[in-house]
Asks: 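Have a look at this one before I ask anything.
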Amino acid sequence: MTEELQAAYDTLLAAFGSQHWWPAESADEMIIGALLTQNTNWKNVEKALAGLRRQGSLSLAAIAELETETLAELIRPSGYFRQKAQRLRLLARSVLDAGGLPKLAEKPTPELRRWLLKLKGIGPETADSILLYAFERPVFVIDAYTLRIGSRHDWFAPATDYAAAQTFFTRHLPGDSALYNEFHALLVRVGKEFCRPKKPDCARCPLYSLYREPGPGRSTSRKSDV
DNA sequence: CCCCAGGCGTCCA
DNA sequence: TGGACGCATGGG
């Protein structure tokens, strides 16, 4: 399985090239984008980030000072803008109260992850995205595409939850943040194009040649990975 | 018109 | 513990 995963990574990298994630010019911008992109098209997030940048508010310090209503209007294009304004402001204030990002970076990864997960609006994917892309910790990010692609390829069962899927990847890959960075970005890339929920285009997917129809007993014979 | 997007919190069985 | 639902804009 380790070889199969490596083959998938190599195939994706050959097909799409390096994705250069996260697309942000600062850690602050990365973290802001991570919150805004929850269940939201990245194009919409870019509009919201542009709005913040135009106001000189594309930083956690600036956001912490904005009124929630003002912030909501600035990020409106990213959707769920009332919720996100509240949660983004809370996140910004929490980071500052904790002494800023450099201070937070002193925490070991498990403690930092727990700290992030306590914040309203930060779930496992957002927390792990921040850990990987802002703090460069070797944490594999799971998202809807990853779950879809992973179950499709029988890497794990269809009902596998976030933690179990994450365990699967970390068990079969070396703990390398650069690898996790690129792999997750590539999974999102291939997912967007070929693995949409109701419009999958598996036959043209670069991973198709690696896909094997589950044989008798195979789909439930992954006890070693659970 | 429908589908969907780089989720999360809440509620309820 | 897990499944439904609300949150919302904007592009295809």
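Order of the sequence lines fixes the chain letters, A, B, ..., with proteins taken first and strands second; residue numbering starts at 1 for each chain. Predicted model, so just to flag it, every value in this text is computed and none were measured.
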Asks: Side-chain N or O of A:Arg76 less than 4.0 angstrom from OP1 or OP2 on C:dT9?
Replies: yes

Asks: What nucleic acid atoms does A:Leu187 come within less than 4.0 Å of, heavy atoms only: base, sugar-phosphate, or nothing?
Replies: nothing

Asks: Tell me what A:Leu119 touches on the nucleic acid: a base, only sugar-phosphate, or nothing, going by heavy atoms under 4.0 Å.
Replies: sugar-phosphate

Asks: When all nucleic acid strands are considered with a 4.0 Å heavy-atom cut-off, which category describes A:Asp143: base, sugar-phosphate, or nothing?
Replies: sugar-phosphate

Asks: For A:Lys43, report the nucleic acid contact type (base, sugar-phosphate, nothing); a contact means any heavy atom under 4.0 Å.
Replies: nothing

Asks: Can you tell whether the side chains of A:Arg89 and A:Glu67 come within less than 4.0 Å, N to carboxylate O?
Replies: no

Asks: Determine the interatomic distance between P on C:dG10 and the same-named atom on B:dC8; round to the nearest Å.
Replies: 22 Å

Asks: So what does A:Lys47 touch, heavy atoms closer than 4.0 Å: a base, only the sugar-phosphate, or nothing?
Replies: sugar-phosphate

Asks: For C:dC5 and B:dC3, measure between their P atoms and round to the nearest Å.
Replies: 15 Å

Asks: Counting just side-chain N and O atoms, does A:Tyr145 come under 4.0 Å of either OP1 or OP2 of B:dA5?
Replies: yes

Asks: Would you call A:Arg114 and A:Glu111 a salt bridge, using N to O less than 4.0 angstrom?
Replies: no

Asks: Which part of the nucleic acid, if any, lies within reach of A:Gln83 when heavy atoms closer than 4.0 Å are counted: base, sugar-phosphate only, or nothing?
Replies: base

Asks: Looking at A:Thr126, does any N or O in its side chain come under 4.0 Å of the phosphate oxygens OP1/OP2 on B:dC8?
Replies: yes

Asks: Provide, to the nearest angstrom, the distance between the CZ atom belonging to A:Phe81 and the P atom belonging to C:dG6.
Replies: 17 Å

Asks: Under 4.0 Å between a side-chain N/O of A:Arg82 and OP1 or OP2 of C:dC7, yes or no?
Replies: no

Asks: Yes or no on side chain to side chain donor-acceptor pair (under 3.5 Å) for A:Thr146 and A:Asp143, after CA distance, side-chain angles and deciding distance?
Replies: CA-CA 5 Å; A:Thr146 305; A:Asp143 72 330; 2.5 Å; yes

Asks: Using 0.5 Å steps for rounding, measure from the CG atom of A:Leu119 to the CG atom of A:Leu88.
Replies: 11.5 Å

Asks: How do A:Arg87 and A:Arg196 order along DNA chain C: which one's closest nucleotide is nearer the 5' end?
Replies: A:Arg87

Asks: Whether A:Lys84 contacts B:dG7 is assessed here as follows: a side-chain N or O lying under 4.0 Å from the phosphate OP1 or OP2. Is that the case?
Replies: no

Asks: Quick one: are A:Arg189 and A:Leu12 in side-chain contact, heavy atoms under 4.5 Å?
Replies: no

